[in-house]
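A note on names: the letters A, B, ... follow the listed sequences, proteins ahead of strands, and every chain is numbered from 1. As a basis for the values below, the full set of heavy atoms in this structure was taken, side chains included, without hydrogen atoms, waters or symmetry mates.
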Amino acid sequence: MPELAGFTPAFLAFLRGLRRLGFALGPEEISTAIQALACIGVEHPQLARAAVEAAVVRQPEQIPLFRAAWQQFLVLIQRAPDPWLSQNTLTANIARMRQERLSRPSVIWMGAEGGAADAPRDGGDPDLAPDLAVRRGASRDERLQHADFARLTPMEQREMRRTRGHLPTPSRVGHRWATARRGRQLDLSAMAEAARATGEWYRLRYRGRKVVPRPVVILCDVSGSMEPYSRLLLRFAHTLLAQRGRVEVFVFSTRLTRITRALRMHDPDRALEDALRLTPDYAGGTRIGEAVRTFNLEWSRRILRRGARVWLVTDGFDTGAPDLLGAEVQRLRKLARGLFWLTPTLADPAYQPVTTAAQTLVAAVDAVFPAYSWHTLEQTWRSTAMHEAPARAGLGALKQHRGG
Amino acid sequence: MQNPFRDVHELQSRLAEQGYIADPGLCTAIYLAFALERPLFLEGEAGVGKTEVAKVVAAVSGRPLVRLQCYEGIDRASALYEWDYPRQLLHIRILEAAHAAGGTALDERSLAGHLYSEPFLLRRPLLEAITATPAPVLLIDEIDRSDEEFEAFLLEVLGEYQVSIPELGTIRAHETPFVVLTSNRTREVHDALKRRCLYWWIDYPTFDKELQIIRQKVPGLPEKLAAHVCGFVQRLRREPLYKLPGVAETLQWAMALEALGTQRLTPERVEETIGCLLKYRDDLEFVLRARDPGAVSIRGMLAEIGVI
């Protein structure tokens, strides 16, 4: 370590300060960081920074935070001799920066209620607006507002408790081997193990592919027109997560938000509350195409692995460009193993997908399922779990599911 | 593990001699991995030269390269070790036959000890890397492709440089291998694994660095054209594409232009060869048609960087 008065305590204070910024630093990391700095020295500031960075940073998102903290550290060791003071000044400064980086824009625009808000505002092509735009919520503006997400009713809680643990887990045949009773390849390792006690083989064992859980990704529309159903869907997603299903939940109205972590909370009231807090555009307008595009660009490569199924839950009242929606949904279908459109509009037996968006969706997805009650969601989940080799199904599937 | 480099600058120039242009940060991380005997965990987008690091370090330090390509379902038997069961069975049969012919007596205990000994052990890359001398450079490529279960196998190997085999005991490394793990970040690798490593994120190169790489790898390209190629790729990376072109793609494109005997970059020439840079149909359409509001055509981009 450099022979600078008070350097070592200040460096330790810096590392502890990083902890407050969300870096997971145990004693081992701290000792690695000290060794790294001791090994490189501080003659070249850039190399010194790189040395500490390699030892403490674990994700690319942490890099800007670390560099800012390091900058502050350099400024502080030249001035404040007191490590306690430096630690506190340092973390306070960086914590403020972090706060600013993570905070959402504070401008809140409250749309005027009623028909006026639904008229196209941004000079877009009025033909693109769905002809059912009378429904409140197919608004083109973002409504950053908090919907009245009241506590769960006792009936809803009963429903969730009853279902929890009884939903099947979707699965697929994995790439990992396990011992099986029949198959093509002998599992000599398992046979040797079994023959240890007796020294003789009584039964042949085979190697078979292990069955592994299949992830399901739920992309849920929480725009104004979906408001009565999105709450139902989030409750259902919470139940799935509570029984440790491999489920990822995203919600979108005008932007896309990942809420899986919030929904994992055990208490459903708090989980829904947190999920809602993460979603500033709850009950706003609908831009399905853009949301799916964001998902494709930013998340699909990380989330859509291991044969994931995708539920796209929306009523198909879209105010975005239809071309974009078509292209993005088709792309999503190629990335996923089975893309299903769940729509509450199937509650009406006379429903026909007449809007452009709905027709695009019907043409692009593997199957269409109803999603207007707890019961239909359960049924859809079972079909998703069973669904093998997604067959192309257009309106035929629509008709098929309407009866049940 | 002897650190073969005096300091970071020496390492950097030795890497450059081998044709790998690395920035000081990455060199520091590599140097520390040698000095502190830690594995090096490299993350970054595809095609920024993560795998290349291991190859070049192997060449520079004069060690053999052992490569383990990860895939879903990779397990102990294919990565660490396995017992050679067919040979064991044959061996038993031979001993039995000898016994029946009135030869040697069958001693159960010594037989078991004999069957689970080194000659019947099949060494897979990880065990190979640990026991070999001189210690090799071990490349565990695309760790994000393996499943979570496999990471657990790596913990002991990377933390202690040893492998525990229940039937045989613990095999320890005499010399610490230089371990490089790479990940494209298609999923998050568990913290337990990352904790044991030094971490470095390799970003897309800056203009100067990329130009240097092109000059080094494609020396036949006219100097001015190389700068234009570099500028265009840098500009292209600012577009919202599904897959941004990496350094590998830039080099491929530069080689293509060289092979075609290009002297100047024209919109037509770019359109003809853009398949080297963009590998998705949607990206091609996005750039070639430039229909979306705010999208810039190839001509526009070339004009922006001052080529036309």
Do Arg58(A) side-chain atoms and Asp191(B) backbone N/O form a donor-acceptor pair below 3.5 Å?
no
Engaged part of [X] at the chain A interface, taking heavy atoms whose separation is under 4.5 Å:
X	value
Asp144(B)	backbone
Arg281(B)	neither
Ile74(B)	backbone
Glu167(B)	side chain
Phe150(B)	both
Leu241(B)	backbone
Cys27(B)	neither
Ser146(B)	backbone

More than 12 heavy atoms from other groups under 6.0 Å of [atom1] on [X]:
X	atom1	answer
Arg87(B)	CZ	yes
Arg258(A)	CZ	yes
Arg246(A)	CZ	no
Tyr71(B)	OH	yes

Relative to chain A, which of Trp83(B), Phe41(B), Trp201(B) shows the most heavy atom pairs under 4.5 Å?
Trp201(B)
Between Leu198(B), Leu89(B), Thr186(B), the one whose heavy-atom pairs under 4.5 Å with chain A are most numerous
Thr186(B)
Measure the [atom1]-[atom2] distance between [X] and [Y] for me, rounded to the nearest 0.5 Å.
X	Y	atom1	atom2	answer
Gln88(B)	Ser189(A)	CD	OG	10.0 Å
Leu47(A)	Tyr31(B)	CG	OH	10.5 Å
Cys39(A)	Asn3(B)	SG	CG	7.0 Å
Glu28(A)	Arg195(B)	CD	CZ	4.5 Å
Gln59(A)	Arg185(B)	CD	CZ	6.0 Å
Lys210(A)	Asp75(B)	NZ	CG	9.5 Å

Taking side chain as C-beta onward, heavy atoms only, is Ser300(A) less than 4.5 Å from Tyr242(B)?
no
Check: His9(B) and His44(A) side chains under 4.5 Å, non-hydrogen atoms:
yes
Please flag which part of [X] lies under 4.5 Å from any non-hydrogen atom of chain B: side chain, backbone, both or neither.
X	answer
Gln62(A)	neither
Ile63(A)	side chain
Thr32(A)	both
Glu298(A)	neither
Arg331(A)	side chain

Give the minimum heavy-atom separation between [X] and [Y], together with the two atoms involved.
X	Y	answer
Ala50(A)	Trp200(B)	O-CZ3, 3.6 Å
Pro86(B)	Leu188(A)	CD-CD1, 3.9 Å
Pro240(B)	Arg293(A)	O-NH2, 3.4 Å
Val57(A)	Tyr199(B)	O-CB, 3.1 Å

Under the side-chain contact (heavy atoms from CB on, under 4.5 Å) criterion, do Arg38(B) and Gln35(A) qualify, and how do the steps go?
CA-CA 12 Å; Arg38(B) 290 293 187 100; Gln35(A) 281 174 31; 5.7 Å; no
Taking 4.0 angstrom as the limit, do Arg172(A) and Glu72(B) come out as a salt bridge?
yes
